Number of protein chains: 2
Amino acid sequence: MDVHGRDLRYFAAVAQELHFTRAAELLFVSQPALSKQIRMLERALGAPLFDRDHREVRLTAVGTALLPHARRMLEQWTEAERAVAAAKAAARTRLVIGMSTGPGRNGMLPAIRSRFTADHPDAQLVLRQVDWTDPSAGLADGSSDVAFVWLPQPEPERLGWVVVAQEPRLVALPESHPLAGRESVDFAELLDQPFLALPPTAGVLRDHWLATDERGGREPLVGAEISGVDETYEALVGGQGVCLLGAGNAPLLTRGGVVTLPVRGLSPSRFALAWRAGDTRPMVHAYAKAAQAAHPCR
Amino acid sequence: MDVHGRDLRYFAAVAQELHFTRAAELLFVSQPALSKQIRMLERALGAPLFDRDHREVRLTAVGTALLPHARRMLEQWTEAERAVAAAKAAARTRLVIGMSTGPGRNGMLPAIRSRFTADHPDAQLVLRQVDWTDPSAGLADGSSDVAFVWLPQPEPERLGWVVVAQEPRLVALPESHPLAGRESVDFAELLDQPFLALPPTAGVLRDHWLATDERGGREPLVGAEISGVDETYEALVGGQGVCLLGAGNAPLLTRGGVVTLPVRGLSPSRFALAWRAGDTRPMVHAYAKAAQAAHPCR
DNA sequence: GCACGTCCATAGCCCATGGTTATCACGGAA
DNA sequence: TTCCGTGATAACCATGGGCTATGGACGTGC
């Protein structure tokens with residue numbers, strides 16, 4: 001049914017040399033091993049591949065029929081190995097950058113990239129948009145090599161990070177909301193509002209954007225769960241609730257029908273470039289260094 | 001270095017299903033066996049082929065690079081198997097007919113063929129001219145399935161045969177030979193002549209054509225050794241000796257410069273269709289039967 | 001919230017496979 | 001005759017690849 005590539009290699013060698021002992025030497029195996037394998041192959045195929053006697057070895061008709069296929073398959077395999085090696089090399093030079101929201105924060109990414117590519121000119125940077133259900137933006141499941149994430153993270157012990165921005169939390173409201181006309185609001189004024197919340201998988205990050213710690217023990221009221229920018233916009237204009245967001249993300253939501261206001265009485269949020277704690281690849285750390293250099297934490 | 005075809009098959013199945021348990025079922029192996037093999041393949045290639053976690057299995061970049069090659073190789077192998085099967089089928093329907101001299105004996109072969117193909121319409125008959133160094137005309141080394149041979153044979157216990165002709169022995173002489181003008185000769189007149197002889201490998205058949213038994217214990221004088229018709233012709237006209245031959249072969253030698261005469265005092269020769277004693281293939285016996293029917297032994 | 005189901009990984013076992021060295025059998029050459 | 005070259009065979013051993021049983025990490029449903 002199946003063949004071992006080795007058997008084809010052995011067969012091709014004997015077919016080329018028409019001499020078991022010599023072929024065995026070329027293959028770096030003993031002559032009995034070669035004889036046995038050829039015999040096994042013949043048994044598997046149900047027909048002899050060689051006519052052999054004391055003075056000469058000849059291909060049979062069946063052997064002649066098999067030979068070109070065997071050679072082609074051996075070529076194919078070396079080609080496959082080449083393809084795998086190429087893919088491995090590409091994987092080594094590709095850095096996947098996970099991010100939860102669109103690439104915003106005016107010019108941050110280009111700034112990091114230009115510093116990074118100075119050190120790694122052959123690296124290939126790939127941006128990957130990740131759903132908000134994963135607060136680590138792809139680090140946890142390995143789909144990202146580095147990621148821009150909001151702190152705090154549910155499993156901080158599995159990550160390393162550098163903070164690249166510290167931003168006050170704003171509140172986003174539908175234009176029609178009673179508070180929408182204000183210059184700013186106290187968080188206390190929002191305690192009774194229904195909030196849009198990240199999915200439960202976001203863990204402590206969900207709590208952070210609900211500002212659970214700042215509610216004095218009162219449970220937040222969740223109006224809807226959101227896992228993307230457009231969803232959030234729709235939920236806001238649909239009146240399902242209000243939500244907090246980092247100042248740097250305000251441009252993503254302030255389209256028609258939504259306003260954002262500063263909130264007094266809330267600690268700022270920290271935005272970080274993170275990686276897996278066990279990841280020792282130079283590229284990863286070079287990117288982290290570039291991120292820190294581009295945005296020295298204020 | 002090499003791959004087992006099975007590994008490719010396993011890999012392709014998992015890549016198709018993206019589900020180890022299900023793929024294992026399709027492959028009729030246990031799930032651990034499949035997991036282990038994939039892991040071995042990954043180790044051999046030095047890179048993971050799948051990203052797997054509890055909920056999903058995905059191809060990695062390396063796996064994606066390998067997949068088309070794997071599929072192509074699997075196709076190639078089924079093609080190779082088809083080619084082998086075809087070659088086997090052809091071998092089963094091909095009958096190789098060995099003969100030492102040219103196909104002569106006016107119409108014998110077509111007569112046998114027509115009887116034979118009545119029973120085996122799909123058989124393919126191949127004539128094979130064999131050097132006189134092999135008195136069995138290819139039966140001994142397996143290069144013929146049946147063969148027209150002269151009796152006696154060196155290893156009669158390894159053959160079966162039916163006699164298809166019994167012919168007086170003639171003597172072939174160069175035109176310039178003192179006896180060339182005669183109507184016939186007594187063998188006693190030839191005892192002092194140098195004879196052309198078959199190679200020593202012909203064994204008792206060499207003795208037969210030297211008529212060693214009919215010399216009363218005197219050693220024959222060998223003028224040259226011959227292993228083909230043209231060689232014999234040249235040796236005759238070159239005056240290296242005379243030689244005996246079956247009456248049916250006379251036309252092969254009686255070209256310009258050579259004459260053949262009846263010889264009194266010699267037993268006739270028997271020409272037979274032979275096969276290997278252990279060969280039980282129906283085609284072989286059908287051909288023997290056809291030969292016997294076409295030329296009932298006189 | 002807890003028991004259960006799903007799915008991949010691991011462990012331990014067993015036999016077939018594929019390698020080794022030593023030796024044989026056979027034919028050709030010296 | 002003896003010796004040499006060749007492929008086949010024997011006896012042995014490590015590994016590979018299969019199995020069953022079990023583990024661990026998530027989801028799911030009562």
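Everything numeric in this text was worked out from a predicted model, so none of it was measured. Values reported hereafter were calculated over all heavy atoms of this structure, with side chains retained and with hydrogens, waters and symmetry mates removed. By convention in this document, chain letters (A, B, ...) are assigned in the order of the sequence lines, proteins followed by strands, and residues within each chain are numbered from 1.
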**OP:** Return the value, rounded to whole Å, for the distance between atom CG of A/Leu34 and atom C1' of C/dT17.
**Re:** 16 Å
**OP:** Using ring-ring contact (aromatic ring centres under 6.0 Å, His included) as the criterion, point out the one residue from B/Trp150, B/Phe195, B/Trp132 that pairs with B/Trp209.
**Re:** B/Trp150
**OP:** Would you mind reading off the distance between A/Phe28 atom CZ and C/dG18 atom C1', rounded to a whole angstrom?
**Re:** 19 Å
**OP:** Write down the distance between CE (B/Met40) and C1' (D/dT15), rounded to a whole number of angstrom.
**Re:** 9 Å
Original post:
How many Å lie between CZ on B/Arg39 and C1' on D/dG18, as a whole number?
Top reply: 17 Å
Original post:
C/dA16 C1' sits how many Å from B/His4 NE2, rounded?
Top reply: 13 Å
Original post:
A/Ser269: what forms a side-chain hydrogen bond (donor to acceptor under 3.5 Å, both in side chains) with it, not counting sequence neighbours?
Top reply: A/His208
Original post:
Of all the choices, C/dG19, C/dA9, D/dT20, which nucleotide is nearest to the side chain of B/Ser30 once you look at every atom?
Top reply: D/dT20
**OP:** Might you confirm whether atom CZ of B/Arg6 has over 12 heavy atoms from other residues, nucleotides or ligands at distances under 6.0 Å?
**Re:** yes
**OP:** Round to the nearest Å and state the distance from A/Gln37 atom CD to D/dG16 atom P.
**Re:** 15 Å
Subject >> B/Arg52 side chain, from C-beta outward: closest of C/dC8, D/dC19, C/dG19 >> reply: C/dC8
**OP:** Output the single nucleotide from C/dG19, D/dG18, D/dG7 whose closest atom is nearest the side chain of A/Ser35.
**Re:** D/dG7
Original post:
Please give, in whole Å, the distance from C/dT17 C1' to A/Ile38 CD1?
Top reply: 16 Å
Tabulated below should be each protein N or O lying under 3.5 Å from an N or O of nucleotides 22-27 of chain C; please produce it.
residue, atom, partner, partner atom, Å
C/dG27, O3', A/Arg55, NH2, 2.9

Subject >> Short side-chain N/O contact from B/Arg6 to OP1 or OP2 of D/dG18, under 4.0 Å >> reply: yes
Original post:
Which residue, A/Val57 or A/Lys36, contacts DNA chain D at a nucleotide closer to its 5' end, judged by nearest heavy atom?
Top reply: A/Val57
Subject >> Short N-O contact, A/Asp192 and A/Arg218, less than 4.0 angstrom >> reply: yes
Original post:
Parallel, tilted or perpendicular for B/Phe50 and B/Phe20, by the 30°/60° rule?
Top reply: perpendicular
Subject >> Neighbours of DNA chain C within residues 10-27 of chain A, by heavy-atom distance under 4.0 Å >> reply: A/Tyr10
Under 3.5 Å, side-chain donor or acceptor atoms of residues 73-84 of chain B against the rest of the protein: list the pairs with distances, not counting sequence neighbours.
residue, atom, partner, partner atom, Å
B/Gln76, OE1, A/Arg72, NE, 3.3
B/Trp77, NE1, A/Met1, O, 2.6
B/Thr78, OG1, B/Glu75, O, 2.7

**OP:** Would you kindly give the CG-to-C1' distance between A/Asp2 and D/dG16, to the nearest whole Å?
**Re:** 15 Å
Subject >> Side-chain ion pair, A/Lys36 and A/Glu42, N-O less than 4.0 Å >> reply: no
Subject >> With sequence neighbours excluded, residues passing side chain to side chain contact (heavy atoms under 4.5 Å, CB included) with B/Ala202 >> reply: B/Pro135, B/Leu198, B/Leu205, B/Arg206
**OP:** Could you name each residue pair satisfying side-chain hydrogen bond (donor to acceptor under 3.5 Å, both in side chains) that touches residues 20-33 of chain B, not counting sequence neighbours?
**Re:** B/Glu17-B/Arg22, B/Gln31-B/Ser35
